[in-house]
Visitor: 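Here it is, the structure, as structure tokens.
Below, chains carry the letters A, B, ... as their sequence lines are ordered, and counting in each starts from 1. Values reported hereafter were calculated over all heavy atoms of this structure, with side chains retained and with hydrogens, waters and symmetry mates removed. All of these numbers come straight from a predicted model, not from anything done at the bench.
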There are 2 protein chains.
Amino acid sequence: MKPKMTLKKIASELGLSISTVSKALKDDKDISQENRDKVQAFAKFYNYRPNSIALSLKNKKTKTIGVIIPEIVHHFFAKVISGIEEVANSKEYNVIIGVTNESLDKEAINMEMLIDGSIDGFIISLSKETLLKQNYIHLQEIQNRNIPIVMFDRVVDDIVCDKIIVDDREAGQMAVQKLVDIGCKKILLLTTMDYLNIGRLRTEGYKDALDINGIEYNEDLVIKIGELGDSDEEQRSLEDRINKVFDKHPDIDGIFGVNEIYAVTALNVARMRGLNVPDALSVIGFSDGILSKYARPHLTTVSQHGFQIGELAAQTLIDRLEKEEELPFTTQLIKTELIIRDSTRSTPILSK
Amino acid sequence: MKPKMTLKKIASELGLSISTVSKALKDDKDISQENRDKVQAFAKFYNYRPNSIALSLKNKKTKTIGVIIPEIVHHFFAKVISGIEEVANSKEYNVIIGVTNESLDKEAINMEMLIDGSIDGFIISLSKETLLKQNYIHLQEIQNRNIPIVMFDRVVDDIVCDKIIVDDREAGQMAVQKLVDIGCKKILLLTTMDYLNIGRLRTEGYKDALDINGIEYNEDLVIKIGELGDSDEEQRSLEDRINKVFDKHPDIDGIFGVNEIYAVTALNVARMRGLNVPDALSVIGFSDGILSKYARPHLTTVSQHGFQIGELAAQTLIDRLEKEEELPFTTQLIKTELIIRDSTRSTPILSK
DNA sequence: TTGTATGCGTTATCAT
DNA sequence: ATGATAACGCATACAA
């Protein structure tokens, strides 16, 4: 095993001073060619690498980004991390991940753990509990310490910082408009409780689309799901709720689910009821994840461009970190995209 | 904005020396109660937190774990990270993630970035390219520097270190045995190329099960998939290959896919051919991910306990990091579990 | 009871 | 052309 090399060791080994070695390593013209060569060869042989901790201490920069997310076993967040990693790596930044499991406490603890100088800035998507309780003292604490924050997706107005968001309202409208365009008259909405921005905004988009097309909003056709865990029971209860709505409104001809799971669940329920998708019923989901791709029929869905969001978040943070001037805070809106697959009719029903 | 607090500032502010402040903060009996109170109150008010970088430099420990994985948008790896996070957090460790995208170069670069003192140890699952090229110099370099490595899932004999592996061979055998038990006579195997341990071992398990049950191995019934990306074309080509095998062997009554995607793809193909699953054909997959849960019928699958693997990997690494003595290297085998859902018949066909 | 000095590894400023 | 010294923030052995 090779010993860890430090400037000190190289210096004493070569009979030079630490500062000479340091300069020689950077090929400083001050140092004689001979010594430069000697030092560099020695360093290379022993695989010398400057200790990044010492550098961090000296430079007061860690070149590390802290990423706080509610869940990692989740297609969208995983994609975002992917994008962050990509940009961060290309700029020689490391990425520390903290998972909150949708808990306010864990969010606060996770961030606490990192504000002791471990990271230069945060990229965060808030936990459900944080949004529900509207408790942001941990975020304010971060800002007091002048540590930059970039929020994405699950953002909040009370904190002033850079934000990257999906235009959820427009996305919802676009999806429902598509359903209307292909002839749907009675569209079931599967959404979340209102405290989740994403659900609320997509729901508003749903209403917008109905409005524009002169379709009356019917509360019966909206299912708001509180919590949906992995468990089979919760899954089944959602199926039950969908089934009940269908019992009462058998003429539903379109479904919009604000995430993949809702949409795929609806797809399965519809098929169990013997409804032909997409001929009798069209379905659109949200988040272009693995479920949408492998569902049968393949699910038409709104893509959120998670990777791109990650890239942009990292880029925004690093820009702020590295620019001298004070940059103004920005809110960047990422356009969504409707990915047409097989769960929506390709041609409108000809009505007359 | 509160200024960053340091011992130095507290000391000068309170007219004490740095070391007095340092001791007072740890409630050292050496220091007068009066000063202890004063310092602690002051520190609390200004929200003082010892700078972790300075501590790392002093202690030569970063309390940070580097995790290197091939992919993050992947259920199994995400689960493993979850498990690592859980244990790491509870022990006050941070987790830095590096994603290799299955590339040897990125694996080496990612690890290079971290061996400059940023982390205390690695947890890694090797990239496909690394396994294919069998190039481990970057790993040896790590070991030269005496940085502990824990490998999981995609491990390799040439590197001596702690390992956490799934008993893939046994798991494969168990799955196929289940198919045999419920009466399958002709079982199609969807597997990877042999250079991936996981595919090779599961394939061996398949053969084991056939052997034990006196069923002849038939090469026709084995589809080895080289690379399968996300793209629709690749997806379709797999479907084509499966279809061709079915054309030649319409009496296939069981399918074992070494991952979720293969199994779900097979499920879809079977259904397109009008085969009733599970009555005419039973299917078993691998990795208990989201696809298995939402596929119709719900997919019977081998669960790898990714979360548990992550927990164990982190625990093993931290143990080695914190114990004084030299621990012997261990290889821990995680048992898999067959999760019976609806893609397998519940009762054997009565043959006579 | 308090304070001084040293070292962790590096870079930069300022002698020599 | 080379080297001594200080500083980053902290802990600690040792002095006072």
Visitor: With sequence neighbours left out, write down each residue that passes side-chain contact (heavy atoms from CB on, under 4.5 Å) with Asp37(A), or none if nothing qualifies.
Guide: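 For Asp37(A), the residues satisfying side-chain contact (heavy atoms from CB on, under 4.5 Å) (neighbours in sequence not counted) are Gln33(A).
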Visitor: Asn101(A): which residues meet the side-chain hydrogen bond (donor to acceptor under 3.5 Å, both in side chains) condition with it, sequence neighbours left out?
Guide: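 Checked Asn101(A) against side-chain hydrogen bond (donor to acceptor under 3.5 Å, both in side chains); zero matches.
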Visitor: Any pair with a residue in residues 18-58 of chain B that passes ring-ring contact (aromatic ring centres under 6.0 Å, His included), sequence neighbours left out, goes on the list, sorted by first then second residue, please.
Guide: Phe42(B)-Tyr46(B)
Visitor: Can you give me the bend angle of the helix from dT1(C)-dA16(D) to dT16(C)-dA1(D)? Use the axis through the first five pairs and the one through the last five, nearest 10 degrees.
Guide: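 Axis angle across the helix from dT1(C)-dA16(D) to dT16(C)-dA1(D), nearest 10°: 70°.
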Visitor: Not counting sequence neighbours, list each pair that qualifies as a salt bridge (charged side-chain N to carboxylate O under 4.0 Å, His left out) and has a residue in residues 40-57 of chain B.
Guide: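 As it turns out, the salt bridge (charged side-chain N to carboxylate O under 4.0 Å, His left out) pairs with a partner in residues 40-57 of chain B, which skip direct neighbours, are Glu112(A)-Arg49(B).
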Visitor: Where does the chain B footprint on DNA chain C start and end, counting 5' to 3' with a 4.0 Å heavy-atom cut-off?
Guide: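 Extent of the interface on DNA chain C: dT1(C) to dG9(C).
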Visitor: Could you check how far CD1 of Ile10(A) sits from P of dG3(D), rounded to whole Å?
Guide: 14 Å
Visitor: Going by the side chain to side chain donor-acceptor pair (under 3.5 Å) test, which pairs reach into residues 57-73 of chain B, not counting sequence neighbours?
Guide: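 Qualifying pairs, neighbours excluded: Thr62(B)-Asp120(B).
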Visitor: Which donor-acceptor pairs under 3.5 Å do the side chains of residues 24-31 of chain A make with protein atoms, sequence neighbours left out?
Guide:
| from | atom 1 | to | atom 2 | distance (Å) |
| --- | --- | --- | --- | --- |
| Asp27(A) | OD1 | Gln40(A) | NE2 | 2.8 |
| Asp28(A) | OD1 | Asp30(A) | N | 2.8 |

Visitor: Do NZ/NE/NH1/NH2 and the carboxylate oxygens of Glu129(B) and Lys133(B) come within less than 4.0 Å?
Guide: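 Answer for the salt bridge query: yes.
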Visitor: Sorted by first residue and then second, give each ring-ring contact (aromatic ring centres under 6.0 Å, His included) pair with at least one member in residues 119-139 of chain B; sequence neighbours left out.
Guide: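 Residue pairs passing ring-ring contact (aromatic ring centres under 6.0 Å, His included), neighbours aside: none found.
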Visitor: With sequence neighbours excluded, give me every salt bridge (charged side-chain N to carboxylate O under 4.0 Å, His left out) pair touching residues 135-162 of chain A.
Guide: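 Non-adjacent pairs meeting salt bridge (charged side-chain N to carboxylate O under 4.0 Å, His left out): Glu102(A)-Arg154(A), Glu141(A)-Arg145(A), Asp162(A)-Arg320(A).
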Visitor: With heavy atoms under 4.0 Å as the rule, sort Ser32(B) into base, sugar-phosphate or nothing.
Guide: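 Here Ser32(B) touches the backbone only, sparing every base.
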Visitor: Report, one pair per line, the protein and nucleotides 7-11 of chain D atoms (nitrogen or oxygen only) whose separation is under 3.5 Å.
Guide:
| from | atom 1 | to | atom 2 | distance (Å) |
| --- | --- | --- | --- | --- |
| dC8(D) | OP2 | Lys8(B) | NZ | 2.9 |
| dG9(D) | OP1 | Lys60(A) | NZ | 2.6 |
| dG9(D) | N2 | Ala54(B) | O | 3.4 |
| dC10(D) | OP1 | Tyr48(B) | OH | 2.7 |
| dC10(D) | OP1 | Asn51(B) | N | 3.0 |
| dC10(D) | OP2 | Leu7(B) | N | 2.7 |
| dA11(D) | OP1 | Lys26(B) | NZ | 3.3 |
| dA11(D) | OP2 | Ser22(B) | OG | 3.3 |

Visitor: With His74(B), which residues qualify under ring-ring contact (aromatic ring centres under 6.0 Å, His included), at least two apart?
Guide: Phe77(B)
